[in-house]
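Bear in mind the structure is a predicted one, so any value in this text is a computation, not a measurement.
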Amino acid sequence: PNIVYIMSDDHAYQAVSAYGYGLNKTPNIDRLAKEGLLFKRASVTNSLCAPSRAVLLTGKHSFINGKIDNEAKFDWSQANFAKILQANGYQTALIGKIHMDGIPAGFDHSAVLINQGEYYNPNFIINGKKEQLKGYVSDLTTDMVLQWIGDRDPETPFCVLYHQKAPHREWLP
């Protein structure tokens with residue numbers, strides 16, 4: 001199967017209507033949840049930004065993968081699920097916020113924000129090269145994901161990690 005993994009920073013489950021709350025209406029995410037997978041019994045082993053991402057990538061607790069807080073270095077040479085998918089014929093991409101130094105390993109394409117990233121005219125590291133893009137970060141990230149999906153080999157399965165910065169504070173619409 002193709003995998004589109006969406007992560008939005010500091011986004012409570014109550015803000016997604018697929019979970020049964022009326023705070024927001026999210027019909028497109030609700031459709032994805034209905035046709036795909038909706039996590040109903042998930043928890044984090046480390047609620048900090050970067051360590052939580054490292055746990056999701058590696059499947060290892062923070063004290064094992066080494067990313068115990070937002071400042072600790074992350075060792076990209078260790079195994080992660082994108083590397084496993086890639087080794088089994090998947091096209092892989094990571095686009096958006098990761099908040100970990102280094103070039104993401106296990107991805108055919110990466111376009112990641114530097115540190116926390118900026119809301120407006122953010123700097124990205126795109127396949128190892130720093131580039132400032134003009135516009136709002138959510139629009140830029142979304143456009144890059146859609147572009148990557150459209151440009152990939154349609155005969156090969158894919159996994160894209162689509163990581164939004166918003167709604168992380170400072171909250172700028």
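Taken together through direct or relayed side-chain contacts under 4.5 Å among Ile, Leu, Val, Met, Phe, Trp and Tyr, Phe158 and Ile6 form part of one hydrophobic cluster. Cluster annotation: Leu146 and Tyr5 are assigned to distinct hydrophobic clusters (Ile/Leu/Val/Met/Phe/Trp/Tyr, side-chain heavy-atom contacts under 4.5 Å, transitive). Residue Ile64 is not grouped with residue Leu56 when hydrophobic side chains (ILVMFWY) are merged at heavy-atom distances under 4.5 angstrom, including chains of intermediate members.
The shortest non-hydrogen separation linking Asn80 to Ala82 is OD1-N, 2.9 Å. Contact between Pro122 and Leu113 at its shortest, heavy atoms only, is CB-CD2, 3.6 Å. Residue Phe107 comes nearest to Ala93 through the heavy atom pair CD2-C, 3.5 Å, listed as atom of the first residue, atom of the second, then distance. Looking at every heavy atom in both residues, Tyr90 comes nearest to Pro1 through OH-O, 2.6 Å. The two atoms that bring Pro104 and Val112 nearest to each other are CG-CG1, 4.1 Å, heavy atoms only. For the residue pair Ala18 and Ala33, the shortest heavy atom distance occurs at CB-CB, 4.0 Å.
In this structure the side chain of His163 reaches within 4.5 angstrom of the side chain of Ile98, judged on heavy atoms. Two residues are said to be in side-chain contact when any heavy atoms from C-beta on lie closer than 4.5 Å; Gln164 and Met7 fail this criterion. Between Ser110 and Ile126, the closest side-chain pair of non-hydrogen atoms is not below 4.5 Å. Taking 4.5 Å as the limit, some side-chain heavy atom of Met144 sits within range of a side-chain heavy atom of Phe124. For the pair Phe81/Leu161, a side-chain contact is recorded, criterion being any heavy-atom separation below 4.5 Å from C-beta on. Counting only heavy atoms from C-beta outward, the side chains of Ile125 and Ile114 approach each other to under 4.5 Å. Here the side chains of Val145 and Val4 are not in contact, with every heavy-atom distance at 4.5 Å or above. The side-chain heavy atoms of Val160 and Asn2, taken from C-beta on, include no pair separated by under 4.5 Å.
Listed for the Arg152 side chain is no donor-acceptor partner under 3.5 Å among the backbone atoms of Thr92. Trp76 contributes no side-chain N or O that, together with a main-chain N or O of Gly106, makes up a donor-acceptor pair within less than 3.5 Å. Of the possible donor and acceptor atoms, none in the side chain of Gln91 sits under 3.5 Å from a partner among the backbone N and O of Asp108. Under the 3.5 Å distance criterion, the side-chain polar atoms of Asn123 are left unmatched by any main-chain donor or acceptor of Gly117. Formation of a donor-acceptor pair under 3.5 Å by the Gln116 side chain with backbone atoms of His99 is not found in this model. With Lys83 contributing its side chain and Ser77 its backbone, the two residues share a donor-acceptor pair below 3.5 Å. Distance alone, capped at 3.5 Å, is enough to place a donor-acceptor pair between the Tyr19 side chain and the Phe39 backbone. A distance-only check finds no donor-acceptor pair linking the side chain of Asn24 to the backbone of Thr26 [under 3.5 Å].
Rounded to the nearest 0.5 Å, atoms CG (Asn70) and CE (Met100) are 10.0 Å apart. To the nearest 0.5 angstrom, Asp69 atom CG is 11.5 Å from Cys49 atom SG. Going from atom CG of Asn121 over to atom NZ of Lys134 covers 4.5 Å, rounded to the nearest 0.5 Å. Atom CG of Asp143 is separated from atom CH2 of Trp148 by 16.0 Å, given to the nearest 0.5 angstrom. A distance of 13.0 Å separates CG of Leu140 from NZ of Lys165, quoted to the nearest 0.5 Å.
For Asn46 and Ser62, the side-chain atoms include at least one donor-acceptor pair closer than 3.5 Å. In summary, the side chains of Asp151 and Gln147 do present a donor paired with an acceptor at a separation below 3.5 Å, with no hydrogens or angles considered. Remark: the His109 side chain and the Asn127 side chain contain an N/O donor-acceptor pair separated by less than 3.5 Å. Of the N and O atoms on the side chains of Gln78 and Asn65, not one donor lies less than 3.5 Å from an acceptor on the other residue. Glu118 and Tyr120 are not linked by any side-chain donor-acceptor pair at a separation below 3.5 angstrom, with hydrogens and angles left out of the test. In the model, Tyr162 has a side-chain atom that pairs as donor or acceptor with a side-chain atom of Thr142 under 3.5 Å.
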message: Between Thr141 and Lys97, is the side chain to side chain contact (heavy atoms under 4.5 Å, CB included) condition met? List the steps.
response: CA-CA 9 Å; Thr141 304; Lys97 184 179 176 188; over 6 Å; no

- request: Show your reasoning for whether side chain to side chain contact (heavy atoms under 4.5 Å, CB included) applies to Leu23 and Val16.
  value: CA-CA 8 Å; Leu23 185 62; Val16 176; over 6 Å; no

- prompt: Can you list the steps and then say if Ile68 with Leu48 is a side chain to side chain contact (heavy atoms under 4.5 Å, CB included)?
  reply: CA-CA 9 Å; Ile68 58 170; Leu48 293 173; over 6 Å; no

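In this structure Lys67 satisfies the side-chain hydrogen bond (donor to acceptor under 3.5 Å, both in side chains) test with no other residue, sequence neighbours excluded.
Remark: aromatic rings of Tyr21 and Tyr13 are close, center separation under 6.0 Å.
Applying the salt bridge (charged side-chain N to carboxylate O under 4.0 Å, His left out) test to pairs two or more places apart or on separate chains, none has a residue in residues 22-36.
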